[in-house]
Amino acid sequence: MPSTENIKENAIRKLIQELIVPDLSEIKSEQKVIKERINSLEEKIDSVDSKLDYKIDAVNDKIDSLKNEINSKIDFLNDKIDLMNKYNERLLDIIHPSQK
């Protein structure tokens with residue numbers, strides 16, 4: 001059981017607190033609401049980050065796919081150019097035979 005002295009100290013502490021910061025309980029409840037809002041916003045940010053990461057990964061996959069497709073086409077064109085050069089060499093040899 002609290003002593004009379006403790007009860008007086010608590011009463012005096014509450015009285016001083018009310019004089020210095022009359023809205024302390026209201027401030028504490030507002031602080032709690034603000035913390036809850038911050039937590040909610042952090043959860044939303046995490047969700048957006050996850051979605052953004054997923055979309056970035058999808059874009060990277062698409063870029064890699066396009067890069068592979070372009071490289072395949074370049075290889076195909078290089079093969080065609082090599083073949084065309086060989087035909088041109090043969091044609092030149094036929095038109096202007098070189099002395100061997």
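Residues take their numbers from the sequence shown, with the count starting at 1.
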Pairwise distance CG(Asn88) to CD1(Ile81) - rounded to 0.5 angstrom: 11.5 Å

Measuring from atom CD1 of Ile7 to atom CD1 of Ile12, what distance do you get when rounded to the nearest 0.5 angstrom? 12.0 Å

When rounded to the nearest 0.5 angstrom, what distance separates OG in Ser25 from CD in Gln17? 8.5 Å

Where do Ile45 and Asp49 land on the side chain to side chain contact (heavy atoms under 4.5 Å, CB included) test, with the steps shown first? CA-CA 6 Å; Ile45 288 171; Asp49 280 348; 3.9 Å; yes

Exercise answer: donor-acceptor pairs, residues 26-40 side-chain atoms, under 3.5 Å, sequence neighbours excluded:
unit_1, atom_1, unit_2, atom_2, d
Ser29, OG, Glu26, O, 2.9
Asn39, ND2, Lys35, O, 3.4

Is the shortest side-chain N to carboxylate O distance from Glu69 to Lys73 below 4.0 Å? yes

Interatomic distance, CG@Asp64 vs CG@Asn71, rounded to 0.5 Å, equals 10.5 Å

Is it true that Ile20 and Leu24 fall in one hydrophobic cluster, defined by side-chain heavy atoms closer than 4.5 Å? yes

The reported gap from OH in Tyr87 to CG in Leu92 (rounded to nearest 0.5 angstrom) is 15.0 Å

When you measure from the side chain of Ser72 to the backbone of Asn68, do you find a donor-acceptor pair of N or O atoms at a distance under 3.5 Å? yes

Does some side-chain heavy atom of Leu83 sit less than 4.5 Å from a side-chain heavy atom of Asp79? no

What is the distance from atom CG of Leu91 to atom CE of Met84, rounded to the nearest 0.5 Å? 11.5 Å

